[in-house]
Amino acid sequence: GENVEQHPSTLSVQEGDSAVIKCTYSDSASNYFPWYKQELGKRPQLIIDIRSNVGEKKDQRIAVTLNKTAKHFSLHITETQPEDSAVYFCAASRGNYGQNFVFGPGTRLSVLP
Amino acid sequence: DTAVSQTPKYLVTQMGNDKSIKCEQNLGHDTMYWYKQDSKKFLKIMFSYNNKELIINETVPNRFSPKSPDKAHLNLHINSLELGDSAVYFCASSQAAGGPGPQHFGDGTRLSIL
């Protein structure tokens, strides 16, 4: 089955700096890669996603890049703000009904003022 | 209006009891899920239902029994609760047609076993 690794497990950056979180996956048939943000005590919320036919996607300060050959994808947050502090999860999926929808273990991002 | 709502938000109970968590989505999605998030924050899928049909049943003890009366509802019943069941349980939904897509999560049910 699919295995998703995520690094780093914790990340501290100064406000205004960029943050990068990387994930690798094992199943070459995976074709959908979402990123979720989970604030303390809240539900995971989708912040950006990418499909395997696209190499990069950007939404304001957030971007995701995908390298299918190397089977890894990354989340880039620019101009970080204190409200970006949260746990970020990557995931990989290839099934319609959640089959092989596997989350990474999460990265705790702290943005220091 | 909350898109995916689950009740109760908190559940504190004794070991050995039976409890249920309810979930409803008003997004018109055809697929619903239950996830377990443990103390280390790992999110693991437990069950997936598409149009009331069970699609995924991960390695979950048979004390956990999901029920989907219609595609907008997915409930979770847990028998003989154990200490290790303490976790946050999230319900989620997605539209499966056309391939995998974003899952929308409920606010979670924090289950604490005494």
Side-chain angles (χ1 to χ4, degrees), chain A residues 1-6 8-10 21 23 25 27 29-54 57 59 62 64 66 73 85-109, chain B residues 2-6 9-10 23 25 27 29-60 66 68 71 74 87-110:
Chain A
E2 176 66 275
N3 182 47
V4 177
E5 296 185 356
Q6 185 172 345
S9 56
T10 60
I21 303 170
C23 286
Y25 60 99
D27 186 348
S30 288
N31 58 3
Y32 176 66
F33 308 93
W35 285 90
Y36 288 82
K37 174 184 180 183
Q38 187 178 27
E39 296 176 30
L40 189 62
K42 302 281 182 71
R43 60 189 166 93
Q45 288 193 278
L46 180 77
I47 54 171
I48 196 166
D49 57 7
I50 192 167
R51 297 189 187 272
S52 58
N53 58 349
V54 175
K57 185 175 176 181
D59 182 3
I62 294 172
V64 57
L66 171 65
F73 56 113
S85 296
V87 178
Y88 291 80
F89 294 95
C90 63
S93 173
R94 63 174 170 86
N96 282 1
Y97 308 117
Q99 301 99 317
N100 297 300
F101 197 112
V102 178
F103 280 88
T107 295
R108 184 174 299 277
L109 173 65
Chain B
T2 305
V4 180
S5 58
Q6 52 183 111
K9 195 171 173 65
Y10 299 97
C23 180
Q25 55 96 4
L27 295 167
H29 288 164
D30 58 8
T31 305
M32 295 184 72
Y33 313 81
W34 278 110
Y35 283 87
K36 180 180 180 181
Q37 186 171 45
D38 61 23
S39 57
K40 293 184 179 177
K41 303 297 184 188
F42 290 126
L43 267 169
K44 187 155 167 51
I45 193 166
M46 300 172 68
F47 302 103
S48 162
Y49 270 74
N50 175 258
N51 285 318
K52 304 191 298 175
E53 300 266 342
L54 178 65
I55 302 296
I56 291 174
N57 182 351
E58 289 294 322
T59 311
V60 176
S68 182
K71 71 174 191 178
L74 180 61
V88 180
Y89 292 84
F90 285 100
C91 176
S93 73
S94 72
Q95 184 58 28
Q103 299 192 6
H104 298 255
F105 285 80
D107 288 333
T109 295
R110 184 173 295 277

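As a basis for the values below, the full set of heavy atoms in this structure was taken, side chains included, without hydrogen atoms, waters or symmetry mates.
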Separation of [Y] [atom2] from [X] [atom1] (nearest 0.5 Å):
X	Y	atom1	atom2	answer
A:R43	B:Q37	CZ	CD	13.5 Å
B:K41	A:T107	NZ	OG1	14.5 Å
B:L43	A:F101	CG	CZ	9.5 Å

For this session: Taking the side chain as every heavy atom from C-beta outward, state whether A:Y36 and B:Q103 have any pair of such atoms under 4.5 Å apart.
Result: yes

Exercise. So what's closer than 4.5 Å to chain B heavy atoms on A:Q38: side chain, backbone, both or neither?
Worked result: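 Only the side chain of A:Q38 comes within 4.5 Å of chain B.
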
For this session: Examine whether an atom of A:P105 lies under 4.5 Å from a heavy atom of chain B, and if so say whether it belongs to the side chain, the backbone or both; otherwise answer neither.
Result: both

For this session: Under 4.5 Å heavy-atom distance to chain A, tell me which part of B:F90 shows up: side chain, backbone, both or neither.
Result: side chain

Could you pull out every donor-acceptor pair under 3.5 Å between side chains of residues 91-99 of chain B and any protein atom, sequence neighbours left out?
from: B:S93; atom 1: OG; to: B:H29; atom 2: ND1; distance (Å): 2.8
from: B:S94; atom 1: OG; to: B:Y33; atom 2: OH; distance (Å): 2.6
from: B:Q95; atom 1: OE1; to: B:D30; atom 2: N; distance (Å): 3.2
from: B:Q95; atom 1: NE2; to: B:D30; atom 2: OD2; distance (Å): 3.2

Exercise. Closest approach of B:G101 and A:R51, non-hydrogen atoms and distance?
Worked result: CA-NH2, 3.8 Å

